[in-house]
Amino acid sequence: MNKIGFFRSVSLKLVVVYILLLIIALLLIGVFFTNSLENQLIKNTQTSLTSNMEWLEQSLVQEFEDERSPTDPTLEEDIADLLENYSEGEETKIQVIDTQRQLVGTSELGDQNSVGARVTDNNIIQAITNNGFPSTEKTNIVIDEDSGDRTLKSFYNIMGTDSNGESELLGLIYVRTSIEPVYSQLKSTNIIFLQATFIALIFAAILGILIARAITKPIKEMQKQARVMATGDFSKRVNVYGEDEIGQLARTFNHMNDELRQAHMRTEGERRKLSSVLSHMSDGVIATDRNGAITLMNAPAESLIGRSADEVRGQFLIEVLNLNEKIVDITEIQETGSIIIDMSDDDQYLLLRCNFSIVQDEYEQISGFITVISDVTEQEQIDQERREFVSNVSHELRTPLTTMRSYLEALTDGAWKDESIAPHFLDVTQQETDRMIRLVNDLLQLSRMDSSNYTMEWDRINFVDFFHHVIDRFEMNKREDMHFERYLPKEEALATIDKDKIMQVLDNVISNAIKYSPDGGTIRFRVRKDSQKLLVSISDEGMGIAYEKLDKIFERFYRTDKARTRKLGGTGLGLAIAKDLIEAHHGVIWAESKEGRGTTVLFTIPLNRKRGEVR
């Protein structure tokens, strides 16, 4: 986050607001003070002028009421002497006017020639007509036409007493006083006020900056702490500088920090648990948003679908799992519940079971979907093998039972009396009975080997002598045109085995080699000793097995040539039993073959395994 400069900060805004408020306050105070001072100065001027005019009025009343003889000075002369003695300053001009609108005296020395002239001022004419000026209209301020100065213009009535003792208007006093000195004084005062205001604003700005910084300091600390909290660090706390609103805010912020730390710890713990669960699940989990776009996928899901989480993030679940033919819209998943999809390719057979569920928010609206993926390939194969096993067992038992039933029915119908065919029928019945017994015995042995309590009887023997003994038994009963070739080492090869189980393995493998060897064929026996194991191989010169069928010959009831195998009396379980017995010895069994060139069955036995129970 970029650092905020002073000119963009709250501090500047507080200072500007503070100064603006102060300026507005000072302006209001200045306007009020200036107006009040102006009114007070003018009022003082008026009061002083009025006081002086009252004295002048009394003197003029006496002059107007005095009776004069021809030898006495005239009224104009007496008024001129009176006005000459009365001095109000050069800014004050006084005129005395009688009731005949005649100027009888003036204080202006240069205007003495106008004495005796009639006044044409309408205000004066109207005042004389109305017996004097009203008290509310005696004073006003005008601009002097000659000097342009602001002038206080005042009228005063000269009131006397008539013969009846009533007041009568004797004349008027017209006074014009320049009040420019008042405004000059006011201007000087305003300049002083402005200077004081400017100084006050400077101190106010400095004080405002200090106050703003003091106010914003906790806020900046909280801002810094918020940035730290955004990174997941809740260890620091902001300082509390007081008990005011900002102090309470700081306390609340620290409380929020503590609550967020606890919530973060809980969330992180739950996240780790969920991550651990998802990572260690054997099933794959895919989470999507409400539109079906993938947002989360664990490692097992990546392994099952063969794509990484980063690769499929943001893609739609229906497309990733190839559900377009089964599901048109993601909302249909809610009704589907579970689907088995085929993810097989040329290299691998893979079936996946997808279980779907929805995620709802607090308003019970769908906010996403959860898909759990399980690998059911082995389960499906087991189910298929189980079905095939039941079918094969039923088929293998049905054939001899059908044969026996036919021969027994024939014997029951009287064939037992025919000495030429009765022994043959009984011989076939006995052969089929022996075949069913072998089949049942093989099934019982497979069942025991599949059980959990299957045990081995271990003996440490010379495997070369043991193998010679097994070959000797078969050589005594082989066909005369068949040849055995032994390639066994002369030295001892000690191994710890279960002799009965390995003898059964060798019996099954050698019996198959004899069955499928042609007339005059040769069976070769080999043993090779390595440092940790014995490698045993038995080769025939039979018809061979196709390459794609080699891995299947160890499956239960699998036959490369079913008709011939059944004719030779095989059950299809011999090699399956041999595989289980070799694996019980921690060995490996496999076959190598080419069509028309015979088959070799090979298996290994560990040499240094300790005696003990395998299962």
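Of all non-hydrogen atoms in Leu249 and Met222, the two that sit nearest each other are CD2-CE, 3.6 Å. A pairwise comparison of heavy atoms in Pro606 and His586 identifies CG-O, 3.4 Å as the closest pair.
Under the side chain to side chain donor-acceptor pair (under 3.5 Å) criterion, Ser593 pairs with Thr599, sequence neighbours left out. Arg266 is linked by a salt bridge (Lys or Arg N to Asp or Glu O under 4.0 Å) to nothing, counting only residues two or more places apart in sequence or in another chain. Residues that satisfy the salt bridge (Lys or Arg N to Asp or Glu O under 4.0 Å) test with Asp258, not counting sequence neighbours, are Arg237, Arg261. For His264, the ring pair (Phe, Tyr, Trp, His ring centres under 6.0 Å) partners at least two apart in sequence or on another chain are Phe234. By the side-chain contact (heavy atoms from CB on, under 4.5 Å) test, Thr600 pairs with Ser537, Ser539, Leu602, sequence neighbours left out. With sequence neighbours left out, the side chain to side chain donor-acceptor pair (under 3.5 Å) criterion links Arg290 to no other residue. Under the salt bridge (Lys or Arg N to Asp or Glu O under 4.0 Å) criterion, Glu319 pairs with no residue, sequence neighbours left out. Listed by chain and residue number, Ser374 satisfy the side chain to side chain donor-acceptor pair (under 3.5 Å) test with Asp283 (two or more places apart in sequence, or in another chain). Looking at residues two or more places apart in sequence or on another chain, you find no side chain to side chain donor-acceptor pair (under 3.5 Å) involving Thr429. With sequence neighbours excluded, the residues forming a salt bridge (Lys or Arg N to Asp or Glu O under 4.0 Å) with Arg524 are Glu485, Glu541, listed by chain and number. For Ile23, the side-chain contact (heavy atoms from CB on, under 4.5 Å) test picks out Ile19, Leu27, Leu201, with sequence neighbours left out. Under the rule for a side-chain contact (heavy atoms from CB on, under 4.5 Å), the partners of Leu534 that lie at least two apart in sequence or sit in another chain are Phe463, Ala493, Ala495, Val527, Lys529, Leu607.
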Next item on the list: Walk me through it: do Leu352 and Ile339 pass the test side chain to side chain contact (heavy atoms under 4.5 Å, CB included)?
Entry: CA-CA 8 Å; Leu352 301 179; Ile339 294 178; over 6 Å; no
Next item on the list: For the pair Thr377 and Asp375, evaluate side-chain hydrogen bond (donor to acceptor under 3.5 Å, both in side chains) and give the outcome as yes or no after the intermediate values.
Entry: CA-CA 6 Å; Thr377 304; Asp375 185 356; 2.7 Å; yes
Note to self: Using the rule given for side chain to side chain contact (heavy atoms under 4.5 Å, CB included), can you reason through Leu494 versus Asn462, listing the C-alpha separation, both sets of side-chain angles and the distance that settles it, and then say yes or no?
What the structure shows: CA-CA 5 Å; Leu494 298 176; Asn462 181 5; 4.3 Å; yes
Note to self: Using the rule given for side chain to side chain contact (heavy atoms under 4.5 Å, CB included), can you reason through Ile538 versus Leu506, listing the C-alpha separation, both sets of side-chain angles and the distance that settles it, and then say yes or no?
What the structure shows: CA-CA 9 Å; Ile538 301 169; Leu506 293 173; 4.1 Å; yes
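Using a 4.5 Å cut-off on side-chain heavy atoms (C-beta onward), Lys579 and Phe603 make no contact. Residues Ile502 and Phe467 are not in side-chain contact: their nearest non-hydrogen atoms beyond the backbone lie 4.5 Å or more apart. Annotation: side chain of Ile370 is not in contact with side chain of Asn355 (no heavy-atom distance under 4.5 Å). The closest side-chain heavy-atom distance from Gln315 to Arg307 is below 4.5 Å. Taking the side chain as every heavy atom from C-beta outward, Ile510 and Phe525 approach each other to under 4.5 Å. Trp590 places a side-chain heavy atom less than 4.5 Å from the side chain of Thr604. Counting only heavy atoms from C-beta outward, the side chains of Ile373 and Leu321 approach each other to under 4.5 Å.
Between the side chain of Asp459 and the backbone N or O of Ile461 there is no donor-acceptor pair closer than 3.5 Å. Not one N or O on the side chain of Ser511 forms a donor-acceptor pair closer than 3.5 Å with the backbone of Asn508. Checked by atom type and distance alone, the side chain of Asp498 pairs as donor or acceptor with a backbone atom of Glu457 at under 3.5 Å.
Atom CD of Glu311 has more than 12 heavy atoms from other residues, nucleotides or ligands within 6.0 Å. More than 12 heavy-atom neighbours from other residues, nucleotides or ligands sit within 6.0 angstrom of CE on Met256. The environment of Arg313 atom CZ is dense: over 12 non-hydrogen atoms of other residues, nucleotides or ligands sit within 6.0 angstrom. By the 6.0 Å contact criterion, CZ on Arg526 is enclosed, its count of non-hydrogen atoms from other residues, nucleotides or ligands being greater than 12.
To the nearest 0.5 Å, atom CD1 of residue Ile366 and atom CD1 of residue Ile358 are 4.5 Å apart. Between Leu350 atom CG and Ile341 atom CD1 the span is 8.0 Å, to the nearest 0.5 Å. Atom CE of residue Met503 and atom CZ of residue Phe466 lie 4.0 Å apart, to the nearest 0.5 angstrom. Ile605 contributes atom CD1, which lies 5.5 Å from atom CD1 of Ile497 (distance to the nearest 0.5 angstrom). Between the CG atom in Leu207 and the CG atom in Leu22 there is a gap of 10.0 Å [rounded to 0.5 Å]. Between atom CG of residue Asp580 and atom CD1 of residue Ile589 there is a gap of 10.0 Å, rounded to the nearest 0.5 Å.
Residues Arg473 and Asp507 are paired through a salt bridge, judged by an N-O separation under 4.0 Å between the basic side chain and the carboxylate.
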